[in-house]
Q: 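Take this structure, written in structure tokens, and hold onto it; I'll ask about it next.
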Number of protein chains: 2
Amino acid sequence: MAEGRRRDAAATRSAILASARRSFARSGYDGAGVREIAEGAGVTAMMVNRYFGSKERLLAAVVADIMAEPSILTAANLEAPDFAARMAAILVDITRAGTTPLDGFLIMLHSASSERAAEIGREQIEAHYHRTLTAALDGDLSAERAGLLLAIVAGVQVMRQMIGLPALAHADPDVLRELLEPIFEQLLKPKDS
Amino acid sequence: MAEGRRRDAAATRSAILASARRSFARSGYDGAGVREIAEGAGVTAMMVNRYFGSKERLLAAVVADIMAEPSILTAANLEAPDFAARMAAILVDITRAGTTPLDGFLIMLHSASSERAAEIGREQIEAHYHRTLTAALDGDLSAERAGLLLAIVAGVQVMRQMIGLPALAHADPDVLRELLEPIFEQLLKPKDS
DNA sequence: ACAGTATGTCTACGAGCGTAGACTTGGAGG
DNA sequence: CCTCCAAGTCTACGCTCGTAGACATACTGT
């Protein structure tokens, strides 16, 4: 087991959770193995099941953990007058090459081929991101506009981090920000029928 | 083996290719099994390897086959004056619930957790979609704008077909079209510095 | 100091995966 | 008609996966 830690249940649980988060973000639900996750936490595979019951329950714990954290959609950001600009800046920064801070989306995207994982992701995305964003939008069609905003966030993540399309992955962040801002602006501003 | 066909190499090859396309689109590269693909083609698993060498080579064949087909980015569409509207309409129609006509993106998205599959997908996307679209755009930053367009296409696919976010999956197609069109317009129109 | 329990490990299982080689069978040409 | 090669199948391999139960060990309360 890990050197620094000896027989600390809470710390072990956290270590497994953190390792699972990294592995799921990198390889998706199916791609990440319990043994690999355990090794990343400095324990054996069985500890995963001891602490979380099963791999599926582990994923649910990871996703719940992530959703509890602040995100692009914090209240502070949602109420700011320059929300579009903030959102563009955060999205570009967060999806830069070599980093995976927005694990929530990434895990779900990588895991979406697994039926069960997709379901867990959909519930969490809808409950946290989509509901919050919809509530923050004024005007008609707020649910659809919120959905499209999330779709764009997801798409940028996919192309920059999963596919690694060079034109986006290696683009000048300022350029991307300037291109994305008016798009966000367009979806954020009230739509009256 | 299949009833209607008896000992026809070309037909068997096509059947395997078509079945693989369905399976890869549904479950991704890792999720789809060779036995399942073979069964969908009415043959045994070994035929897959006999005809395509390996599962990886089969994926490459499927992707190449898909890329050779006409897509949103046909020359006719690219040159049309109302390209943004066309693109929005096609995207919405193509990602409606229950259908998976744009297998190319979908397979790649579902398979992106597999390192090798992501590489195959990136090459094909860049060579076909991104290059074509970039060339069709006037003005500055055409590569970045093309990349963002593809990102939005990917994002809408992800949210509607993979995640199945209800607000998008069950939305009125006309509403989505109207929301997407100005966004595409914005990225398509020349950007001069 | 010692017992008891929480913590962690070891070995192993059944299943599914991609793949390989030997075998069988159908169907067309002489 | 009969032969022979393409077309397809069968059995099985080595591997990895998630999971289970029995076992070992370190900490803690008394």
Side-chain angles (χ1 to χ4, degrees), chain A residues 1-21 23-24 26-62 107 110-111 113-117 119-120, chain B residues 1-21 23-24 26-62 107 110-111 113-117 119-120:
Chain A
M1 59 181 291
E3 294 299 317
R5 178 184 82 253
R6 305 198 21 136
R7 303 228 159 201
D8 183 337
T12 299
R13 209 192 120 97
S14 303
I16 294 175
L17 210 56
S19 174
R21 184 162 166 166
S23 291
F24 283 148
R26 189 188 327 112
S27 316
Y29 179 70
D30 287 329
V34 173
R35 287 171 176 81
E36 162 199 335
I37 292 172
E39 188 183 355
V43 293
T44 53
M46 262 315 290
M47 295 308 293
V48 171
N49 273 18
R50 201 189 257 307
Y51 276 92
F52 295 93
S54 70
K55 189 188 179 186
E56 186 178 310
R57 303 261 303 274
L58 173 62
L59 173 66
V62 168
I107 288 175
H110 267 144
S111 304
S113 51
S114 177
E115 197 56 50
R116 189 73 193 92
E119 197 177 324
I120 291 175
Chain B
M1 61 180 289
E3 294 299 318
R5 177 184 83 253
R6 303 190 32 130
R7 304 234 156 196
D8 183 336
T12 299
R13 209 192 119 97
S14 304
I16 293 174
L17 210 56
S19 174
R21 183 163 168 166
S23 291
F24 283 148
R26 191 187 326 113
S27 316
Y29 178 71
D30 288 328
V34 174
R35 287 169 176 82
E36 160 200 336
I37 292 172
E39 188 183 355
V43 294
T44 53
M46 263 315 290
M47 297 306 293
V48 171
N49 273 17
R50 207 197 250 314
Y51 277 92
F52 294 93
S54 69
K55 190 188 179 187
E56 186 177 309
R57 304 260 303 274
L58 173 61
L59 174 65
V62 167
I107 287 175
H110 269 144
S111 303
S113 50
S114 177
E115 197 56 49
R116 188 75 194 93
E119 194 177 324
I120 291 175

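Any value given below was found using the heavy atoms of this structure, including those in side chains, with hydrogens, waters and symmetry copies removed. Chain identifiers are assigned alphabetically (A, B, ...) following the order of the sequence lines, protein sequences preceding nucleic acid strands; residue numbering begins at 1 within each chain.
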Q: Which part of the nucleic acid, if any, lies within reach of Ala10(A) when heavy atoms closer than 4.0 Å are counted: base, sugar-phosphate only, or nothing?
A: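 Nothing: the residue Ala10(A), judged by heavy atoms under 4.0 Å, touches no strand.
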Q: Nucleotides 10-13 of chain C: which of its N/O atoms have a protein N/O under 3.5 Å away?
A:
none

Q: Atom CG of Asp8(A) to atom P of dG8(C): distance rounded to whole Å?
A: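 It is 8 Å, rounded to the nearest whole Å.
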Q: Would you say the side chain of Asp30(B) lies within less than 4.5 Å of the side chain of Asp30(A), judging by non-hydrogen atoms?
A: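 Not touching, per the 4.5 Å side-chain cut-off.
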Q: Ignoring hydrogens and angles, tell me if any N or O in the side chain of Lys55(B) forms a donor-acceptor pair with the backbone of Val48(B) under 3.5 Å.
A: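 A pair under 3.5 Å: no.
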Q: In Å and rounded to the nearest 0.5 Å, what is the CZ to CZ distance from Arg21(A) to Arg26(A)?
A: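 Taking CZ in Arg21(A) and CZ in Arg26(A), the distance rounds to 13.5 Å.
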Q: Please determine, for the side chain of Lys55(A), which listed nucleotide (dG18(D), dA22(D), dA7(D)) has the closest atom?
A: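 Shortest atom-to-atom distance from the side chain points to dG18(D).
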Q: Take the protein atom CG of Asn49(B) and the nucleotide atom P of dC13(D), then report the distance between them rounded to whole Å.
A: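 Those two atoms, CG and P, are 18 Å apart.
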Q: Starting at CD of Glu56(B) and ending at P of dC17(C), how long is that distance when rounded to a whole Å?
A: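 Distance check: Glu56(B) CD to dC17(C) P gives 18 Å.
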Q: Write down the distance between CD (Glu36(B)) and P (dT19(C)), rounded to a whole number of angstrom.
A: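 Atom CD in Glu36(B) sits about 15 Å away from atom P in dT19(C).
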Q: From Ile37(B) CD1 over to Leu59(B) CG, what is the distance, rounded to the nearest 0.5 angstrom?
A: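 Ile37(B) atom CD1 to Leu59(B) atom CG measures 9.0 Å (nearest 0.5 Å).
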Q: Using whole Å, report how far CE of Met47(B) lies from C1' of dT25(C).
A: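 Result: 13 Å.
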Q: For dG8(D), does OP1 or OP2 lie under 4.0 Å from any side-chain N or O of Tyr51(B)?
A: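 Checking dG8(D) against Tyr51(B), a side-chain N or O does come within under 4.0 Å of OP1 or OP2.
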Q: Verify, without hydrogens or angle tests, whether Ser19(A) (side chain) and Ala38(A) (backbone) share a donor-acceptor contact under 3.5 angstrom.
A: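 Looks like no, no N/O pair under 3.5 Å.
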Q: I'd like to know whether Leu58(B) forms a side chain to side chain contact (heavy atoms under 4.5 Å, CB included) with Tyr51(B), so could you lay out the CA-CA distance, the side-chain angles of the two residues, the decisive distance to 0.1 Å, and finally the verdict.
A: CA-CA 9 Å; Leu58(B) 173 61; Tyr51(B) 277 92; over 6 Å; no
Q: Nearest of dT19(D), dA22(C), dA22(D) to any side-chain atom of Arg50(A)?
A: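 The answer is dA22(D), which lies nearest to the side chain.
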Q: Could you walk me through whether Thr44(A) and Met47(A) satisfy the side chain to side chain contact (heavy atoms under 4.5 Å, CB included) test, starting with their C-alpha distance in whole Å, then the side-chain angles of each, then the deciding distance to 0.1 Å, before giving a yes or no?
A: CA-CA 6 Å; Thr44(A) 53; Met47(A) 295 308 293; 3.8 Å; yes
Q: Can you check the Arg57(A) CZ to dA20(D) C1' distance for me, whole Å?
A: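 To the nearest whole Å, that distance equals 16 Å.
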Q: If only side-chain N and O atoms of Thr12(B) are considered, is one of them under 4.0 Å from the OP1 or OP2 phosphate oxygen of dG8(D)?
A: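 It does, given that an N or O in the side chain of Thr12(B) lies less than 4.0 Å from OP1 or OP2 of dG8(D).
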Q: Quick one: Phe52(B) CZ to dG8(D) P, roughly how many Å, whole number?
A: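 After rounding, the gap between these two atoms is 12 Å.
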Q: Just how far, in rounded Å, is C1' of dG16(C) from CD of Glu39(B)?
A: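 Going from CD in Glu39(B) over to C1' in dG16(C) covers 14 Å.
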Q: Any base atoms under 4.0 Å from Ala38(B), or only sugar-phosphate, or nothing? Heavy atoms, all strands.
A: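 No contact.
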